[in-house]
Amino acid sequence: MNASAKFFDATTPVAFAGKDAGQEPAFRWYDKDRLVHGRRLEDHLRFAVCYWHSFCWPGGDPFGGETFLRPWHQGGDAMAQARAKADVAFELFRLLDVPFFTFHDVDAAPEGSSLAESVANLNAIADLFEAKMAASKVRLLWGTANLFTHRRYMAGAATNPDPEIFTYAAGQVRAALEVTHRLGGQNYVLWGGREGYETLLNTDLKRELDQLGRFISLVVEHKHKIGFKGPILIEPKPKEPTKHQYDFDVATCYGFLARYDLLKDVKLNIEQNHAILAGHSFHHEVALAEALGVFGSLDVNRGDDLLGWDTDQFAMNVPELALVFHEILNRGGFTTGGLNFDAKIRRQSIDPDDLIHAHVGSMDACARAFLAAADMVDAGALTAPLTERYEGWAGTEGRAILGGQRSLADLADRALRPGFEPQPRSGRQEYLESLVNRYV
């Protein structure tokens, strides 16, 4: 079945038409060839369409079944359906004119009756991907293995109490990593959806953390063995599907990577929805990752602040995105990472072209936010007040304290001198908030 020819109503790739464009769909802010800080906007943002939400999710929820009725979900030969799904996927990539896509192994190819059959299926679809990529502009931002859906992983993959399941997971990851390498993927992601616990009554925390550390070390070792140059990315999330996940947030992941000597090869893939589930802002998680030197890539989406689960809506919050992009731009921008749309259309959005409108709207929101961030960087709107706030630490005494030239006694003696009465200064929060609003 060649579903791509009849799945979307749109036939022409979406183009930039300016903010007053009357036609739909059209980019109003995302002008891919616009130069910003010496780079094309497309090269800054590095958009990627994800395979799982866009082509695998049937539109179901815990209270009702599928609503989308995708042709490739309606039975028949599993590999034929996977090929039909690939036809539609690459048609969407063409219509959106995106530079990248992402996938899980089982998104792309059906799971077989054995690991060997699953690997064979994945490699057959990788052959198809390879041919389609050769005939298009789209490239692979990252690949990953789904180690959370199948029943065997209900108690985790790397952290499973059974070493046989650990071994099976290793086989699955090797295949996905090698396919990612073959397709020129720029990163490889490990998301530990079941790497956590439901209750401490049956959990050995130290053992499970050691297992997880060893598993990621094995992936790093194999990455070097096959010559894969990109980083391994782990993705923080505090809960769901487990009650508590070991990759809770950026700070937790950093401590874990430091403990198991993985900081050189592993960075973080940060998601907005996961950040708010952890009780943080998206800005906080990105800023902390940048500060700790572990920032890698973004899953760009939007969670509902009123709901305590992963809603994975398309990112549309321009002020929030602008602060995130300001943080990234100030540190030089993406290297191998990008903006992956780990987002799904709503269950009632049943028209095929809703996929196009969702991505176009979010790409425009990201572009608008990025341009605002670039303007703030150029004007020093936030960096100049920040430099002024910490200017004492750039002075002689501040440098001496941080440089190890002052002891606790030295500082205490200085504080006891007559007339030593340092005074607080305003943090100017309201001024800075209003300043941001001038740009967004």
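Just so we're clear, the structure is a prediction, and the values are computed from it rather than from any experiment.
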Scan Phe90, Trp72, Phe68 and name whichever one has a ring pair (Phe, Tyr, Trp, His ring centres under 6.0 Å) with Phe7.
Trp72
When you measure from the side chain of Asn121 to the backbone of Glu111, do you find a donor-acceptor pair of N or O atoms at a distance under 3.5 Å?
no
Assess whether a salt bridge exists between Lys19 and Asp364, defined as any Lys/Arg side-chain N lying under 4.0 Å from an Asp/Glu carboxylate O.
no
Donor-acceptor side-chain pairing of His274 and Asp299 below 3.5 angstrom:
no
Under 4.0 Å between a Lys/Arg side-chain N and an Asp/Glu carboxylate O for Arg28 and Glu24?
yes
Exceeds 12 heavy-atom contacts within 6.0 angstrom, atom CD of Gln348
no
In terms of side-chain heavy atoms, does Asp312 have a donor or acceptor partner in Asn301 at a distance below 3.5 Å?
yes
Regarding Asp304 and Thr311, do their side chains bring together a donor and an acceptor under 3.5 Å, going by distance alone?
no
side-chain contact (heavy atoms from CB on, under 4.5 Å) with Tyr30: which of Phe16, Phe47, Phe370?
Phe47
Less than 3.5 Å apart, any donor N or O on the side chain of Thr159 or Glu195 sitting next to an acceptor on the other?
yes
Charged N-O contact under 4.0 Å between Lys237 and Glu271
no
Does atom CG of Asp261 have more than 12 heavy-atom neighbours, drawn from other residues, nucleotides or ligands, at distances under 6.0 Å?
no
Hey, can you tell me if His37 and His44 have their rings parallel, tilted or perpendicular (30° and 60° cut-offs)?
perpendicular
Would you confirm whether the ring centroid of His104 sits within less than 6.0 angstrom of the ring centroid of Phe148?
yes
Is Leu339 close to Phe334 at the side-chain level, that is, under 4.5 Å between some pair of heavy atoms?
yes
Geometric class of the Phe129/Phe103 ring pair [parallel <30°, tilted 30-60°, perpendicular >60°]:
perpendicular
